[in-house]
Amino acid sequence: MALALQLAEQGLYTSQPNPRVGCVIVKHDQIIGQGAHLKAGEAHAEVLALQQAGANANEADVYISLEPCNHYGRTPPCVDALINAGVKRVVVAMQDPNPLVAGHGIQRLKAYGIVVEIGLCEKEAMVLNLGFVSRMTRQLPYVRSKIAASLDGRTALNNGKSLWITDEAARQDVQHWRAQSCAIITGIGTVLNDNPSLNVRLQSQPSGRALRQPLRVIVDSQLRTPVDCKMLTLEHSQGSPVVIAYAKDVNNRAAAFSASGAELLHLPEINGRVDLPALLSNLAERGVNEVLLEAGQGLNGAFLQANLIDEFIFYYAPKLMGADAKSMFAIPELTEMQQVTDLQIVDVRHIGVDIRIRATPVKPK
């Protein structure tokens, strides 16, 4: 199963909106087939492993990181392929949260006399597909907020300048988080101050396949995005589509974006801002599993207040920027310690000269 999970990681940057799945077939203590699902519409991990095993798959044991599908999508049901191959036992790391599957694949295997075991390395399998699980169970993508800050928790100087707080190694590490995300969200403040491209700049990836650029989303409540910003110019886009989520077109600028290739997404307004839950729901409907939030203190604060952040990725640089510099989150003043956001640190490591801390919000008991 550990090997199946390693194989599943080959789809880390390419399998979206499908889950990352790996499969290993064993007979007489020998691996006779293995496969990974790399791209939607292409063969699933089980099919590739069965093709490699051939007739030897009869009476074999199969280890799969996710319950095999039992419905027709872009490809036929993997359950039928396993049944037709005559496998003896199927070990599944986790049940598929997709309502179209959700235990039905397991039941079908059992109905044909195949021994099914569930739960081996379940936690690891769940972590590998946090976004897919979130979209299937909450109808929302899994949101990571990436923040680069000084050791005193500042993200930009008071004049808005922030390039560069962290070193090159940390900035390259961010590229991997971008690559595995289906969408990157930023705010109009970041666009106006930094004019970022927000595309993925990686030279290689686990599967060796061509890089897939995520959807880029600008949250711009009053549609102030410059039509000549980097995110909307071809030389900086690298084929990555852009959605501008807005609530009001106060200056009648919508027509100006028709030639830019950007999609305008009109969403409800809440207190003068774009309805963020509505935005995430819209992205989930598009098949977005994971979102990387790369924004300033305003949008970060809005996501935090709305309890829409599932994970924080903090990059701390060995710098001090002072009390007048901008903070991580622009939120109303807290007056009681019960109001603070408690976090659970899940990983700490050096990335070059900087420190990366990953943390998740502690859910109220």
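Starting from 1, each residue takes its place in the sequence as its number.
A donor-acceptor pair under 3.5 Å is formed between the side chain of Gln213 and the backbone N or O of Val200. No donor-acceptor pair closer than 3.5 Å links the side chain of Asn251 to the backbone N or O of Arg253. Judged by distance alone, with hydrogens and angles left aside, the side-chain atoms of Gln297 form a donor-acceptor pair with the main-chain N or O of Ser327 at under 3.5 Å. Using modelled atom types, one side-chain atom of Ser65 and one backbone atom of Gly22 make a donor-acceptor pair closer than 3.5 Å. Checking side-chain atoms of Asp220 against main-chain N and O of Thr225 turns up a donor-acceptor pair under 3.5 Å. Using a distance-only test at 3.5 Å, with no hydrogens or angles considered, a donor-acceptor pair links the side chain of Gln16 to the main chain of Gln180. A donor-acceptor pair under 3.5 Å is formed between the side chain of Ser240 and the backbone N or O of Pro214. Using modelled atom types, one side-chain atom of Glu67 and one backbone atom of Gly103 make a donor-acceptor pair closer than 3.5 Å. The closest donor-acceptor contact from the side chain of Arg154 to the backbone of Ala325 lies under 3.5 Å. A donor-acceptor contact shorter than 3.5 Å is absent between the side chain of Asp194 and the backbone of Pro196.
One distance of note links CG of Leu343 with OG1 of Thr360; it measures 7.5 Å at 0.5 Å rounding. The structure places NZ of Lys230 at 11.5 Å from CZ of Arg216, a figure rounded to the nearest 0.5 Å. The distance from the CG atom of Leu292 to the CD atom of Glu311 is 10.0 Å, given to the nearest 0.5 Å. His104 contributes atom NE2, which lies 6.5 Å from atom CG of Asn70 (distance to the nearest 0.5 angstrom). From Ile218, atom CD1 reaches atom CG of Leu192 across 9.5 Å, with rounding to the nearest 0.5 Å. One distance of note links CE of Met231 with OG of Ser197; it measures 8.5 Å at 0.5 Å rounding.
Sorted by first and then second residue, the pairs that involve residues 325-352 and meet ring pair (Phe, Tyr, Trp, His ring centres under 6.0 Å), not counting sequence neighbours, are Phe312-Phe329. Listed by first and then second residue, the salt bridge (Lys or Arg N to Asp or Glu O under 4.0 Å) pairs that reach into residues 264-273 are Lys248-Glu269, sequence neighbours excluded. Sequence neighbours left out, not one pair with a member in residues 278-307 passes ring pair (Phe, Tyr, Trp, His ring centres under 6.0 Å). The ring pair (Phe, Tyr, Trp, His ring centres under 6.0 Å) analysis of residues 17-36, with sequence neighbours excluded, yields no pairs. A salt bridge (Lys or Arg N to Asp or Glu O under 4.0 Å) check over residues 177-190, counting only residues at least two apart or in different chains, returns the pairs Arg178-Glu294. For residues 101-122, the salt bridge (Lys or Arg N to Asp or Glu O under 4.0 Å) pairs, not counting sequence neighbours, are Asp80-Arg108, Arg89-Glu117. Residue pairs meeting the ring pair (Phe, Tyr, Trp, His ring centres under 6.0 Å) criterion with at least one partner in residues 252-272, sequence neighbours excluded, are Tyr246-His266. Within the structure, the salt bridge (Lys or Arg N to Asp or Glu O under 4.0 Å) test picks out no pair touching residues 315-324 (sequence neighbours left out).
Side-chain contact annotation: Arg20 with Asn129, donor-acceptor N/O pair under 3.5 Å absent. No hydrogens or angles considered: a donor-acceptor pair under 3.5 Å links the side chains of Ser150 and Asp152.
The hydrophobic cluster containing Val346 does not contain Ile147, counting ILVMFWY residues as joined when their side-chain heavy atoms lie under 4.5 angstrom apart, directly or transitively. Under a hydrophobic-cluster definition in which Ile, Leu, Val, Met, Phe, Trp and Tyr are linked whenever side-chain heavy atoms come within less than 4.5 Å, directly or via other members, Val227 and Leu223 are assigned to the same cluster. A continuous path of hydrophobic side-chain contacts links Val91 to Ile31 [ILVMFWY only; heavy atoms under 4.5 Å]. Tyr315 and Ile165 sit in two unconnected hydrophobic clusters of ILVMFWY residues. Membership requires side-chain heavy atoms under 4.5 Å apart, directly or through other members. A chain of hydrophobic side-chain contacts below 4.5 Å, direct or via other Ile, Leu, Val, Met, Phe, Trp or Tyr residues, connects Ile355 to Ile345.
For Asn271, the CG atom sits in a loose shell: 12 or fewer heavy atoms of surrounding residues, nucleotides or ligands are nearer than 6.0 Å.
The cationic atom of Arg144 (NZ for Lys, CZ for Arg) does not lie both less than 6.0 Å from the six-membered ring centre of Trp177 and within 45° of the ring axis.
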Working note: Arg356 + Asp347, criterion side chain to side chain contact (heavy atoms under 4.5 Å, CB included); need CA distance, chi angles, decisive distance, verdict.
CA-CA 8 Å; Arg356 188 188 75 191; Asp347 183 72; 3.3 Å; yes
Could you go through Gln10 and Leu38, starting from their C-alpha distance and side-chain angles, then the distance that decides it, and tell me whether this counts as side chain to side chain contact (heavy atoms under 4.5 Å, CB included)?
CA-CA 7 Å; Gln10 293 181 10; Leu38 299 181; 3.7 Å; yes
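Met136 forms part of a hydrophobic cluster together with Phe132, judged by ILVMFWY side-chain heavy-atom separations under 4.5 Å. Grouped with Leu66 in one hydrophobic cluster are Val21, Ile25, Ile32, Leu50, Val62, Ile64, Val79, Leu82, Ile83, Val87, Val90, Val92, Met94, Ile106, Leu109, Tyr112, Ile114, Val116, Ile118, Met126, Val133, the linkage being side-chain heavy-atom contacts under 4.5 Å among Ile, Leu, Val, Met, Phe, Trp and Tyr residues.
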Under 3.5 Å donor-acceptor pairs involving side-chain atoms of residues 332-339, not counting sequence neighbours:
residue, atom, partner, partner atom, Å
Thr335, OG1, Gln339, OE1, 3.4
Gln339, OE1, Thr335, N, 2.6
Gln339, OE1, Glu336, N, 2.9

Exercise answer: donor-acceptor pairs, residues 277-286 side-chain atoms, under 3.5 Å, sequence neighbours excluded:
residue, atom, partner, partner atom, Å
Ser281, OG, Pro277, O, 3.0
Asn282, OD1, Arg286, NE, 2.6
Asn282, OD1, Arg286, NH2, 3.3
Arg286, NH1, Glu263, OE1, 3.0
Arg286, NH2, Glu263, OE2, 2.6

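Using a 4.0 Å cut-off between charged side-chain N and carboxylate O, Asp173 and Arg349 make no salt bridge. Electrostatic pairing of Lys27 and Glu59 does not count as a salt bridge here, judged by no charged N lying under 4.0 Å from a carboxylate O.
Listed here is the closest heavy atom pair of Val274 and Ala247: CG2-N, 3.9 Å.
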